[in-house]
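Structure, as C-alpha cells:
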Protein chains: 2
Amino acid sequence: MIRTASSRRPVPVSRNRRESIAGMPKKVDHAERRRLIADALMRVAAEQGLEAVSLRHVAAAADVSAGMVQHYFRTKDEMMTFALSVVKERSQQRVEAAIARLGDDPRPRDLLRALTTALLPLDGPSREDGRVALAFLAYTAVRPQPALRAETEQMVGFIASLLPGGEADAAGLLALMEGLGLYVLGGQYTPEQALAALDTQLEKLFNA
Amino acid sequence: MIRTASSRRPVPVSRNRRESIAGMPKKVDHAERRRLIADALMRVAAEQGLEAVSLRHVAAAADVSAGMVQHYFRTKDEMMTFALSVVKERSQQRVEAAIARLGDDPRPRDLLRALTTALLPLDGPSREDGRVALAFLAYTAVRPQPALRAETEQMVGFIASLLPGGEADAAGLLALMEGLGLYVLGGQYTPEQALAALDTQLEKLFNA
DNA sequence: GTGGATGCAATGCAACTGCATTGCTAAAGA
DNA sequence: TCTTTAGCAATGCAGTTGCATTGCATCCAC
C-alpha cells in the first residue's frame, strides 16, 4: 500500500486552466484536485469503512503524497465535509438524469418512481455511494445537522405535490425508500424485493 | 476523563454466584462484567460515535481499568460484537414487552403497531440504542453479515402473517419503519411525524 | 499451610493518527 | 534577471491506538 520513491511521479495533471476563472492563480485546477482526493476518500470509505479514512490512506488511494492532501485540505474534517458534498451532488445528478430520461410532462407516478429508484443503491456505483452515505450518516448522527432537516422537508413537500394523498404519505414514501436502501445495502433485501415493495406502495398511493 | 489513582476502587461486585452455573470458576459473574463494559461502550458510542470507542475510553466510561476490559474481551472486535448482541437483545425485549402489554389475542393491526413503535427510537433510551445500532450498521456495512439476512427474512414472514396483503407489503412496512427510525434519529422527522406516517400506512394496509 | 488458578492493574511497545513545519521546484510577474 | 508565489514532498512530533506482557492479590482445592 505504501508507495516506493521510484514509482512516485504523482499524476499528469491537466493544466492551463488559467482562463477559466478570474483570478485563478497558477497552474493546476484546484477543484479538480480536490475531487480527485475526495474520490479516493470515498473509495476507502466504501471498501473499508469510515474509520479507515486517514490522511495517509486517502493519499495512498489517490496515489499522491500525504503532503498534497494536506495542501488541498487544511484539516481532515474539511476533507470529509467536501467528500460528503460530492456524494450529495452525485446523487442529485443521478436523480436529475433519471428524470430527464422521462421526457416532458411525465405522469407524477412515473416521476416518483424514477426519483426513488434513482436514489436506491441498485447498481454497482450507486451501491458504493450508498455505503459512503451510510457511513457519513452514522458519522454525523451524533451531532445532527440542521441543514439536513430543511432538505428533507423540501423533499417531502415536493413528493407531496406529486401525490394524491397528504404529507404523511409523502413522508412515508421517502422513509420507505430510505429503509429499502438500507436493507439492500445490508444484503437483507435483493434489489428485486426492494423494487417490488416500492411498486406495491406506489400502487397503493395512486389508487386512493 | 482520566481516573486518578485515588478514586479507583473499581466497583463493588456482587459475588457468590457459584451456584448458578455448573463449573463456574471463582467469584465474579463473568456475564455481568461483560454487560457492564458493553453498557459503557454503548454510552460512548451513543455520545461520541463509534470512532471514539477505544479500550481506554470504554474502560474510563465503565469506571474500570483498561486491563480489566482486556481481561473480559480478548480483542476489541470481540467487545464490539458482544455489545452489538446486547443492543439486539434489548430491542427484542422492548418488542416483547410492548406486545405483552397488549394482553391476549390482540388484533393483528394493534400487534403490528406495537411491534413497530417499539422499534422506533421515540423516547430517550431507545434513541440511544438507535444511535448505537446505526453506528454498528455502518460498521458492519462493509462486510455484510449473512445472519442479518435470515433474521430479516423471518421478521418479514411474521409481519406478512399478520397482514392481509402479501410479502411485498410486509417488506415495505419493515423498511418503512427502518427509514422512519433513521429520519427520527437524524432529526429530520419528529416522532409525531413518524407515527403519523406509520399510522397512515397501517390504515392503508388494513383497508384493502 | 501450599500450589495453582483466577481477577485484575500497570507498563511497555510498535503502529498509527492529524497536523505543523521546512524546504525544494517551477512558473509568473517585475 | 530577480523576486515572489503556488504546488508539493518530506520530516517531525505529540498523542492515541490495540494488544502483549508482567506482577500481584485473592480465592479454592488439597
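All values below come from the heavy atoms of this structure, side chains included, with hydrogens, waters and symmetry mates left out. These figures come from a predicted structure and were not determined experimentally.
The closest donor-acceptor contact from the side chain of A:R43 to the backbone of A:A61 lies under 3.5 Å.
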Assess whether salt bridge (charged side-chain N to carboxylate O under 4.0 Å, His left out) is satisfied between A:R101 and A:E96, documenting all intermediate values.
CA-CA 9 Å; A:R101 237 174 280 127; A:E96 284 169 8; over 6 Å; no
Apply salt bridge (charged side-chain N to carboxylate O under 4.0 Å, His left out) to the pair B:R90 and B:D39, showing each step before the final yes or no.
CA-CA 11 Å; B:R90 277 223 295 247; B:D39 273 357; 3.6 Å; yes
B:L174 and A:Y189: CA distance, side-chain angles, deciding distance, side chain to side chain contact (heavy atoms under 4.5 Å, CB included) verdict:
CA-CA 11 Å; B:L174 190 59; A:Y189 289 178; 3.7 Å; yes
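Comparing C:dT17, D:dA9, C:dA9 by their closest approach to the side chain of B:S65 singles out C:dA9. With distances taken from any side-chain atom of A:S54 to the nucleotides C:dG7, D:dG18, C:dG18, the minimum falls on C:dG18. Taking only side-chain atoms of B:M68, from C-beta outward, the nucleotide of D:dA9, C:dG7, C:dA9 with the closest atom is C:dA9. With distances taken from any side-chain atom of A:H30 to the nucleotides D:dA9, D:dG7, C:dG7, the minimum falls on D:dG7.
Across the protein-nucleic acid pair, A:R34 atom CZ and D:dC8 atom C1' stand 16 Å apart, rounded to whole Å. When rounded to the nearest whole Å, the span between CD of B:Q48 and P of D:dT16 equals 13 Å. Spacing between atom CE of A:M80 and atom P of C:dC19 amounts to 11 Å, rounded to whole angstrom units. Whole-Å rounding puts the B:L50 CG to D:dT17 C1' distance at 15 Å. Atom CD of B:Q70 is separated from atom P of C:dT6 by 18 Å (rounded to the nearest Å). Taking atom CD of residue B:E32 and atom C1' of nucleotide C:dG7, one finds them 15 Å apart after rounding to whole Å. The separation between B:K76 atom NZ and D:dC19 atom P is 8 Å, rounded to whole Å. Remark: C1' of C:dG18 and NE2 of A:H57 are 14 Å apart, rounded to the nearest angstrom.
Contacts of B:V53 with the nucleic acid, taken as non-hydrogen atoms under 4.0 Å apart, involve only primed sugar atoms and P, OP1 or OP2.
OP1 or OP2 of C:dG7 lies within a sub-4.0 Å distance of a side-chain N or O belonging to B:H71.
Of the charged side-chain nitrogens involved, at least one lies within less than 4.0 Å of a carboxylate oxygen, so that B:E78 and B:R34 count as a salt-bridged pair.
Atom CG in B:L195 sits 5.5 Å away from atom CG in B:L122 (nearest 0.5 Å).
Judged by closest nucleotide on DNA chain C, B:G67 is the one of B:G67 and A:R74 placed further toward the 5' end.
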Extract from the structure each pairing of a protein N or O with an N or O of nucleotides 12-14 of chain C at less than 3.5 Å, listing the distance.
none

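A donor atom on one side chain and an acceptor atom on the other are not found under 3.5 Å apart for A:D129 and A:S126.
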